[in-house]
Amino acid sequence: MYVKCGNVVEALDVFNSMQSEDILAWNTMLIGMGMHGHANDAQQLFKQMQLEGIVPNDVTLVAMFGAFRHAGMTEEGRKLLSSMKSVYGVEPKIEHYSCVIDLLSRAGRLEEALNLIKNMPIEPNEYAYGALLGGCKIYGDAKVAQSVGKHLLDLDPKHSGRYETLSYFYNQPTKSYV
């Protein structure tokens, strides 16, 4: 409860007073720290968790990607994705790829995010494409947005937010997208 409300200090006190922390408790702390901009603290807790013999799971890694995303730590996110299988024994899922695509997109690395979508061994879903579309809007990249938009509308034609975001590009007076 404390970490969800942003009171990370109080949450850590409660966490540290627990007699036995399970993976759920660790993941909750990591998610909360990341959500509230404490990415470096999350990294430290992630290391501590492993030192105490707790093995990260796929949710733990999503939590770390979230912390990196909120702090703009693109290189850390890329490194974590590339080491998931070899270091942690966790096969990357679409959630992990989508987090990294979002991380890259928010950092303006749209071509890199698009290449990740094209080369990942999993079929991209609307969340992966949606993360990239969001980055296109932030950075005004109509070319990538048009390509991504086609995929998004095929995957999720009833999502009105996709149309709104795409309309942004089609309403620019100096561009022709037809």
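Just so you know, residue 1 is the first one in the sequence shown, and it goes up from there.
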Item checked: Flag side-chain contact, heavy atom, 4.5 Å: His96 against Glu91 -> no
Item checked: Side chain proximity check, Asn40 to Met73, heavy atoms < 4.5 angstrom -> yes
Item checked: Heavy-atom closest pair, residues Tyr97 and Pro92 -> CE1-CB, 3.6 Å
Check: Taking atom CD1 of Ile122 and atom OG of Ser98, what is their separation to the nearest 0.5 Å?
Finding: 8.5 Å
Next item on the list: Start with the C-alpha distance between His159 and Leu153, add both sets of side-chain angles, then the distance that settles side-chain contact (heavy atoms from CB on, under 4.5 Å), and finish with yes or no.
Entry: CA-CA 8 Å; His159 191 293; Leu153 296 180; over 6 Å; no
Note to self: If we ignore hydrogens and angles and just use 3.5 Å, is the side chain of Asp156 paired with the main-chain N or O of Leu152 as donor and acceptor?
What the structure shows: no
Check: About how many Å separate CZ of Arg109 and CG of Leu116, when rounded to the nearest 0.5 Å?
Finding: 11.0 Å
Next item on the list: Side-chain contact test, heavy atoms from C-beta onward, threshold under 4.5 Å: evaluate it for Val90 versus Lys85 and give yes or no.
Entry: no
Item checked: Check against side-chain contact (heavy atoms from CB on, under 4.5 Å), Leu61 and Glu95 -> CA-CA 10 Å; Leu61 300 176; Glu95 295 86 358; over 6 Å; no
Notebook entry, point to check: Which atom names give the shortest non-hydrogen contact between Met49 and Pro56, and what distance separates them?
Noted result: CE-CA, 3.4 Å
Check: Side-chain contact, heavy-atom cut-off 4.5 Å: Phe68 with Glu75?
Finding: no
Margin query: Applying side-chain contact (heavy atoms from CB on, under 4.5 Å) to Val62 and Val59, what does each step give before you reach the verdict?
Written below: CA-CA 5 Å; Val62 168; Val59 175; 5.5 Å; no
Notebook entry, point to check: Going by atom types only, do Thr60 and Asn57 share a side-chain donor-acceptor pair under 3.5 Å?
Noted result: yes
Next item on the list: Without swapping roles, check the side chain of Ser82 against the backbone of Lys79 for a donor-acceptor pair under 3.5 Å.
Entry: yes
Note to self: Less than 4.5 Å apart, side chain to side chain, heavy atoms only: is that true for Glu76 and Met64?
What the structure shows: no
Checklist line | Heavy-atom closest contact (Asp102 atom, Arg69 atom, distance) | finding: OD2-CD, 2.6 Å
Check: Minimum heavy-atom separation for Ala63 to Asn27, with atom names?
Finding: CB-O, 4.4 Å
Notebook entry, point to check: Where do Leu166 and Ala145 come nearest, in terms of heavy atoms and distance?
Noted result: CD2-O, 3.6 Å
Checklist line | Check: Ile54 and Gln50 side chains under 4.5 Å, non-hydrogen atoms | finding: no
Note to self: Let me confirm one number: the CG-CE distance from Leu81 to Met120, rounded to the nearest 0.5 Å.
What the structure shows: 10.0 Å
Checklist line | Side chain His36, main chain Met33, donor-acceptor under 3.5 Å | finding: no
Notebook entry, point to check: Which value, rounded to the nearest 0.5 Å, describes the distance between His151 atom NE2 and Arg162 atom CZ?
Noted result: 13.5 Å
Check: Are any non-hydrogen side-chain atoms of His70 and His38 less than 4.5 angstrom apart?
Finding: no
Donor-acceptor list for residues 125-142 side chains, cut-off 3.5 Å, not counting sequence neighbours:
unit_1: Asn125; atom_1: OD1; unit_2: Tyr127; atom_2: N; d: 3.0
unit_1: Asn125; atom_1: OD1; unit_2: Ala128; atom_2: N; d: 3.0
unit_1: Tyr139; atom_1: OH; unit_2: Arg106; atom_2: O; d: 2.7
unit_1: Asp141; atom_1: OD1; unit_2: Lys143; atom_2: N; d: 3.3
unit_1: Asp141; atom_1: OD1; unit_2: Val144; atom_2: N; d: 3.0

Notebook entry, point to check: Mind checking what makes ring-ring contact (aromatic ring centres under 6.0 Å, His included) contact with Phe46, not counting sequence neighbours?
Noted result: Tyr88
Check: Measuring from Glu111:CD to Asn115:CG, what's the distance to the nearest 0.5 Å?
Finding: 6.5 Å
Note to self: So Lys158 and Tyr163, do their side chains get closer than 4.5 Å, heavy atoms only?
What the structure shows: no
Next item on the list: Please report the shortest heavy-atom distance between Glu123 and Ile94, naming the atom on each side.
Entry: O-CD1, 3.7 Å
Notebook entry, point to check: Between Gln48 and Gln44, is any side-chain donor less than 3.5 angstrom from a side-chain acceptor?
Noted result: no
Margin query: If hydrophobic clusters are built from ILVMFWY residues whose side chains come within less than 4.5 Å, do Val87 and Leu80 share one?
Written below: yes
